There are 2 protein chains.
Amino acid sequence: MHQHHHELDEAAVHSLFCAHSLRFTRQRFAVYTALASEKVHPTADQLFKKLSRSDSGISLATVYNTLEALVKSGLAQKLADGGTSARYDAAVDDHLHIRDCATGSLSDVPEALGQKLLDNLPQHVLKQIEDELGFSIGRVQIELIGEYTRQAVEVN
Amino acid sequence: MHQHHHELDEAAVHSLFCAHSLRFTRQRFAVYTALASEKVHPTADQLFKKLSRSDSGISLATVYNTLEALVKSGLAQKLADGGTSARYDAAVDDHLHIRDCATGSLSDVPEALGQKLLDNLPQHVLKQIEDELGFSIGRVQIELIGEYTRQAVEVN
DNA sequence: GCCTATAATTATAATAGTTCTAAAACAGAA
DNA sequence: TTCTGTTTTAGAACTATTATAATTATAGGC
């Protein structure tokens with residue numbers, strides 16, 4: 001499930017990190033909560049700027065280090081940007097992304113809708129692909145590329 | 001349709017370029033044929049190295065310029081690499097990619113299989129996403145992430 | 001075939017994003 | 001508290017890509 005939009009207090013994150021064998025530091029807490037509260041998947045630099053603004057005396061290198069640690073421990077995933085820089089996402093499920101051609105932004109399809117699409121994928125075809133190619137599918141990532149015909153409802 | 005595995009003589013490429021309002025140059029011919037003959041989607045640098053080996057006195061800048069021109073004219077697409085550098089593909093349809101976690105390589109699902117999956121996507125869900133989000137889906141890109149359980153059949 | 005206008009190529013410099021380095025600060029266990 | 005290994009940090013280094021500006025090539029008109 002997505003952690004988006006949940007309250008994330010320090011204790012909760014502490015035990016989450018603990019469960020993933022990640023040391024708790026104020027920087028990691030800051031990065032993780034900043035990432036998890038984003039509706040649009042941010043780049044490392046966007047996170048750094050956001051954190052610089054809000055307070056926290058955190059360095060860019062640490063943002064990169066932390067994101068890497070989060071990804072390695074399964075608390076985040078790194079998404080390929082169509083453009084230059086990588087984007088990060090605090091949710092680790094299969095899910096759907098929307099790329100807005102106009103702005104280049106990358107965001108989620110709401111959970112329910114996304115799940116509906118994933119649930120309706122033709123499993124027999126996926127199975128056939130696995131069999132014929134000798135490939136084991138671990139994750140399916142779908143990106144819907146296009147543009148908004150009306151204004152998106154809310155922006156961070 | 002994919003241009004992969006087709007014979008690409010100079011005349012054919014010439015008229016293809018012409019149809020897409022692209023001037024024909026020996027460098028563009030070289031880049032395009034090199035790209036179209038790849039089964040695995042190469043990075044700009046991989047193409048440059050391949051072309052340097054085979055002959056052709058072509059500069060890295062030109063590889064980038066040409067790839068950009070091809071993409072802009074619709075003869076290729078730029079794919080986001082999970083990692084650092086972009087990958088390119090001479091085919092421009094919706095289609096499925098396979099990312100091998102073990103090697104990081106990106107390749108196509110064979111046309112027939114891929115089409116089968118795309119044809120079996122639940123259209124009503126896509127329509128619902130478009131309606132609810134006010135988003136017009138231009139292209140669907142699916143990536144199957146996992147690893148080979150047996151050796152891939154052939155490598156370039 | 002030759003000329004010309006326009007566009008493409010090239011080496012190089014510049015930039016952007018990311019990773020590396022080595023020293024200082026910190027977390028967690030004893 | 002003290003110790004040990006980990007994390008943070010500023011800055012350097014590196015890699016992928018784009019910009020620059022001079023040179024060269026293409027396509028079309030003659």
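Sequence lines set the chain letters: A, B, ... in the order given, protein chains first and strands last, and positions in each chain run from 1. In this text the structure is predicted, and so the values were computed from the model without any measurement.
Rounded to an integer number of Å, the gap from A:F24 CZ to D:dG5 P is 24 Å. Atom pair B:E68:CD and C:dA8:C1' shows a separation of 13 Å (rounding to whole Å applied). Distance, B:Y32 OH to C:dA8 P: 18 Å, rounded to whole Å. Between B:Q46 atom CD and D:dT15 atom C1' there is a gap of 14 Å when expressed in whole angstrom units. As rounded to whole Å, 18 Å separates atom P of D:dA25 from atom CZ of B:F29. For the pair A:L67 CG and D:dT8 P, the computed distance is 11 Å after rounding to whole Å. Note: CZ (A:F48) to P (C:dG17) measures 13 Å, nearest angstrom. If you take CG of A:L22 and C1' of C:dC26, they are 16 Å apart, rounded to a whole angstrom.
Taking only distance into account, the side chain of A:R23 never meets the base of D:dT7 through a donor-acceptor pair shorter than 3.5 Å.
The phosphate of D:dT26 has neither OP1 nor OP2 within less than 4.0 Å of any side-chain N or O from B:H14. Not one side-chain nitrogen or oxygen of A:Y64 sits closer than 4.0 Å to the OP1 or OP2 atom of C:dT19.
Summary of helix geometry: the two end axes of the helix from C:dG1-D:dC30 to C:dA30-D:dT1, each defined by five base pairs via their C1' atoms, are inclined to each other by 40° (rounded to 10°).
Between the side chains of A:K50 and A:S37, at least one donor N or O sits under 3.5 Å from an acceptor N or O. Under 3.5 Å, the side chains of A:N120 and B:H124 contain no donor-acceptor pair of N or O atoms.
Evaluation of the ring pair (Phe, Tyr, Trp, His ring centres under 6.0 Å) rule for A:F29 yields A:F24 as partners, not counting sequence neighbours.
Between B:F17 and B:Y32, a ring centre-to-centre spacing shorter than 6.0 Å is recorded.
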Check the pair A:H14, A:D9 against side-chain hydrogen bond (donor to acceptor under 3.5 Å, both in side chains), reporting the backbone distance first and the verdict last. CA-CA 9 Å; A:H14 198 294; A:D9 63 5; over 6 Å; no
Trace of the side chain to side chain contact (heavy atoms under 4.5 Å, CB included) decision for B:H97 with B:D89: CA-CA 11 Å; B:H97 289 128; B:D89 181 352; 3.4 Å; yes
side-chain hydrogen bond (donor to acceptor under 3.5 Å, both in side chains), that's the test. Do A:R99 and B:Q141 meet it? Break it down for me. CA-CA 10 Å; A:R99 183 179 306 281; B:Q141 187 143 326; over 6 Å; no
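Looking at heavy atoms from C-beta onward, B:L96 lies in side-chain contact with B:L117 at the 4.5 angstrom threshold. Side-chain contact check for A:E143 versus B:E143: every heavy-atom pair is 4.5 Å or farther apart.
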Report each atom pair, protein N/O against N/O of nucleotides 9-14 of chain C, whose distance is under 3.5 angstrom.
residue, atom, partner, partner atom, Å
C:dT9, OP1, B:T25, OG1, 2.6
C:dT9, O3', B:Q27, NE2, 2.8
C:dT10, OP1, B:Q27, NE2, 3.4
C:dT10, OP1, B:G57, O, 2.9
C:dT10, OP2, B:S59, N, 3.1
C:dT10, OP2, B:S59, OG, 3.4
C:dT10, OP2, B:T62, OG1, 2.4

